[in-house]
2 protein chains.
Amino acid sequence: MGYLRIGQLSARTGINNETLRFYEARGLMSEPRRSEAGYRLYTEADVRKAEFIVRAKKMGFGLKDISELLSLRVEKESSTCGEVKDLAEAKLLEIEQKIEELQRMKGALEQITEACCGGQESAIHCTILNALDQIDDPAEVSARVAVRA
Amino acid sequence: MGYLRIGQLSARTGINNETLRFYEARGLMSEPRRSEAGYRLYTEADVRKAEFIVRAKKMGFGLKDISELLSLRVEKESSTCGEVKDLAEAKLLEIEQKIEELQRMKGALEQITEACCGGQESAIHCTILNALDQIDDPAEVSARVAVRA
DNA sequence: ACAAACCTTATACTTTACTACAGGGTTTAG
DNA sequence: CTAAACCCTGTAGTAAAGTATAAGGTTTGT
Ligand SMILES: [Zn+2]
Ligand SMILES: [Zn+2]
Ligand SMILES: [Zn+2]
Ligand SMILES: [Zn+2]
């Protein structure tokens, strides 16, 4: 008693059945006991593990990172805070770099978009199209659009 | 004369040969003339098109968006600024949403990471691992870590 | 003449994170 | 008892944006 079948684990964690089996194949979820008919039987420890995965995903960790975190979690005594923090900081750096890249794009795109009238007439004079046609350096986009504005 | 072969177009645009053929298959680059031996022969217009793609990519547009932009660019007279600006604004919104999502992740991850000592001792007390083990709502992460700190 | 460098097509593989079958067996409610 | 709901394995498909490889044909330089 007390065992959950895959559908129940799915309902409790919000992770799809298929995805749970996929996580098992990827080594994230450990292979559970089986009923006589071959059904997966999960314990409360499995529920916690699945919830750990959900939370780690929310933090921006990918499945590969989560595998590592799970190993550290399982071997808590033999693992060190340093190992865990290294992973977290690497992920933090990755996230920060993505943000910077997106902000660079946002800035450049805003520049050329603001100058476009957005009207119903022909796009021959469109600043967006012209910018994409002629300018290489995003810094130049700002300069040129600023002059025009 | 004046034609470029794929390697030359590649060298001038920084787009890999394979990628150029891939863009052609995806309808981004139009099918060029062929030499008698079947070699692709590109014109200066193709160079400008390839450079347009490079710049649009830098702005964060995906290949599908770029297809649309290219159509608008080719039919500049019959296209409107409104159509172009709609595409740009949709992409801008997408980028802004990605930034927000990443900033949410960054904030939550920073909270739990700052409280971790990062030392060489056992990770049993690790705030990162504990946070991933116990807390669901990112708002709670901040609260709990704040109390501990 | 012959190799190096270049080009061709078609097919398959890469990464990430799933999702969707097909073709079964099992459990449960009425 | 039977249908619905659930579970199993295995395979294949999805999205995005390419990269790699095989097995050739062509061009260029010496
Ligand atoms: Zn306009
Ligand atoms: Zn415009
Ligand atoms: Zn510590
Ligand atoms: Zn720690």
Side-chain angles (χ1 to χ4, degrees), chain A residues 1 3-29 31-42 46 50 52-70 90-91 94-95 97-98 101-102 105, chain B residues 1 3-29 31-42 46 50 52-70 90-91 94-95 97-98 101-102 105:
Chain A
M1 86 286 271
Y3 286 114
L4 301 174
R5 295 192 313 194
I6 199 165
Q8 273 131 27
L9 182 58
S10 173
R12 276 191 53 182
T13 59
I15 304 172
N16 187 315
N17 300 8
E18 310 281 357
T19 307
L20 283 167
R21 285 193 280 257
F22 170 71
Y23 285 169
E24 186 182 321
R26 292 287 300 264
L28 294 182
M29 291 301 288
E31 289 182 17
R33 278 196 55 182
R34 296 297 184 115
S35 75
E36 290 202 359
Y39 285 20
R40 287 172 178 78
L41 298 175
Y42 294 102
D46 291 317
F52 180 97
I53 294 174
V54 170
R55 285 186 289 263
K57 278 184 69 61
K58 280 191 193 149
M59 296 297 189
F61 289 102
L63 299 191
K64 213 168 151 186
D65 306 310
I66 296 176
S67 291
E68 291 185 67
L69 285 171
L70 283 168
K91 185 52 61 176
E94 231 180 78
I95 291 174
Q97 280 165 353
K98 274 186 205 157
E101 169 70 359
L102 287 170
M105 284 180 186
Chain B
M1 87 284 272
Y3 287 114
L4 300 175
R5 296 193 312 194
I6 199 166
Q8 273 131 26
L9 182 57
S10 173
R12 274 190 56 180
T13 60
I15 304 172
N16 188 315
N17 300 8
E18 310 283 355
T19 307
L20 283 167
R21 285 192 281 257
F22 170 70
Y23 285 170
E24 186 181 320
R26 292 288 299 266
L28 293 182
M29 291 301 288
E31 289 182 17
R33 279 195 56 181
R34 297 297 185 115
S35 75
E36 291 201 359
Y39 286 20
R40 286 171 178 79
L41 298 175
Y42 294 102
D46 291 317
F52 180 97
I53 294 173
V54 169
R55 284 186 289 265
K57 279 186 69 60
K58 280 192 192 150
M59 296 298 189
F61 289 101
L63 299 191
K64 214 167 149 186
D65 307 310
I66 296 176
S67 291
E68 291 186 68
L69 285 171
L70 283 168
K91 185 52 59 176
E94 233 180 77
I95 291 174
Q97 280 165 354
K98 274 187 204 157
E101 168 69 359
L102 287 170
M105 284 180 186

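Since the structure is predicted, the reported quantities are computational estimates derived from the model, not experimental observations. Residue numbering restarts at 1 for every chain, and letters A, B, ... go by the order of the sequence lines. Just so you know, these numbers use all the heavy atoms, side chains as well, and skip hydrogens, waters and symmetry mates.
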**Step-by-step side-chain contact (heavy atoms from CB on, under 4.5 Å) determination, A:Leu63 to A:Phe22** = CA-CA 11 Å; A:Leu63 299 191; A:Phe22 170 71; 3.7 Å; yes
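Nearest-nucleotide positions on DNA chain D place A:Tyr42 closer to the 5' end than the other of B:Lys64 and A:Tyr42. Taking the nucleotide of DNA chain D with the nearest heavy atom to each of B:Phe22 and A:Asn17, the more 5' of the two is matched to A:Asn17. Place B:Gly38 and A:Phe61 on DNA chain C by their nearest nucleotides, and B:Gly38 ends up nearer the 5' end.
The distance from atom NZ of A:Lys91 to atom P of C:dT16 is 10 Å, rounded to the nearest whole Å. In this structure, B:Ile6 atom CD1 and C:dC6 atom C1' are separated by 11 Å, rounded to whole Å. C:dT27 atom C1' lies 12 Å from atom CD of A:Gln8, rounded to whole Å. A straight line from CZ of A:Arg33 to P of D:dC7 spans 17 Å, rounded to a whole angstrom. Straight-line distance from the CD atom of B:Glu18 to the P atom of C:dA10: 14 Å, rounded to whole Å. In this structure, OH of B:Tyr3 is placed 16 Å from P of D:dT27, rounded to the nearest angstrom. In this structure, CZ of B:Arg5 is placed 14 Å from P of C:dA5, rounded to the nearest angstrom. Counting to the nearest Å, the P atom of C:dT8 and the CG atom of B:Leu20 are 10 Å from each other.
In this model, the phosphate group of D:dA15 is not approached by any side-chain N or O of B:Arg26 to a distance below 4.0 Å at OP1 or OP2. Neither OP1 nor OP2 of D:dA17 sits under 4.0 Å from any side-chain N or O of B:Thr19. B:Tyr23 has no side-chain polar atom (N or O) that falls below the 4.0 Å cut-off from OP1 or OP2 of D:dA17. Contact annotation: B:Lys57 side-chain N/O to D:dA16 OP1/OP2 distance is not under 4.0 Å. For B:Asn16, no side-chain nitrogen or oxygen approaches OP1 or OP2 of D:dG18 to under 4.0 Å. In terms of phosphate contacts, A:Arg34 brings a side-chain nitrogen or oxygen within less than 4.0 Å of OP1 or OP2 of D:dT9.
Judged by distance alone, the side chain of B:Ser67 and the main-chain N or O of B:Leu28 form no donor-acceptor pair under 3.5 Å. Panel note: side chain B:Thr13, backbone B:Leu9; a donor-acceptor pair is recorded below 3.5 Å.
In summary, B:Glu101 and B:Lys98 do not engage in a salt bridge, as defined by a charged side-chain N under 4.0 Å from a carboxylate O. Ion pairing between a basic and an acidic side chain is recognised when a charged N comes within 4.0 Å of a carboxylate O; B:Glu24 and B:Arg21 show no such pairing.
Side-chain atoms of B:Tyr39 and base atoms of D:dG25 include a donor and an acceptor less than 3.5 Å apart.
Closest to the side chain of B:Arg21, from the set C:dT9, C:dC18, D:dG18, is C:dT9. The side chain of A:Ala37 lies closest to C:dT27 when the candidates are D:dC8, C:dC18, C:dT27.
Among the atoms of the strands shown, only primed sugar atoms or phosphate atoms (P, OP1, OP2) are found under 4.0 Å from some heavy atom of B:Arg40.
Using modelled atom types, one finds a donor on one side chain and an acceptor on the other under 3.5 Å when comparing B:Arg33 with B:Tyr3.
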